[in-house]
Amino acid sequence: NSKPFMFLEGKFLVHKNLNSGLLLGYGGYGTFTAGLYFEANLKENWLLKFGSNSVQGFVDTKHTRGESLYITLCKKIK
């Protein structure tokens with residue numbers, strides 16, 4: 001069964017059009033989760049984002065199993 005899930009997210013400006021973010025979560029179907037992402041503001045109101053919501057699976061393969069990667073391309077509508 002799932003437990004309540006809580007998370008914190010921090011977003012940091014790396015460069016004029018580049019942001020980085022860190023996610024830390026606890027609960028849900030597991031216990032601890034961590035994520036990392038990068039997003040770039042492209043020309044013509046486009047946003048490119050890639051990252052992982054489960055980096056712990058790539059780092060500690062003996063104790064964790066969850067791994068994820070994603071890529072997102074969005075068009076901002078004004």
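Formation of a donor-acceptor pair under 3.5 Å by the T33 side chain with backbone atoms of N53 is found in this model. Not a single donor-acceptor pair under 3.5 Å links the side chain of S54 to the backbone N or O of S68.
Counting non-hydrogen atoms of neighbouring residues, nucleotides and ligands closer than 6.0 angstrom, the CZ atom of F7 reaches no more than 12 such neighbours. Taking a 6.0 Å sphere around OH of Y26, one finds it holds 12 or fewer heavy atoms contributed by other residues, nucleotides or ligands.
Put simply, CG on L48 and OG1 on T72 are 8.0 Å apart, with the number rounded to the nearest 0.5 Å. Distance check: F58 CZ to Q56 CD gives 9.5 Å after rounding to the nearest 0.5 Å.
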Compile the donor-acceptor pairs under 3.5 Å between side chains in residues 11-25 and protein atoms, sequence neighbours left out, one pair per line.
from	atom 1	to	atom 2	distance (Å)
K11	NZ	E39	OE2	2.6
N19	ND2	E39	OE2	3.3
S20	OG	Y37	O	3.4

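Sorted by first and then second residue, the salt bridge (charged side-chain N to carboxylate O under 4.0 Å, His left out) pairs involving residues 27-38 (not counting sequence neighbours) form an empty list.
Proximity of K49 to Y70: side-chain heavy atoms (C-beta onward) are separated by under 4.5 Å at one or more points.
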F50/F38 under side-chain contact (heavy atoms from CB on, under 4.5 Å): CA gap, chis, key distance, verdict = CA-CA 6 Å; F50 64 94; F38 295 94; 3.9 Å; yes

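Shown here are the side chain to side chain contact (heavy atoms under 4.5 Å, CB included) partners of K75, two or more places apart in sequence or in another chain: E44, N45, W46.
Taken together through direct or relayed side-chain contacts under 4.5 Å among Ile, Leu, Val, Met, Phe, Trp and Tyr, V55 and I71 form part of one hydrophobic cluster.
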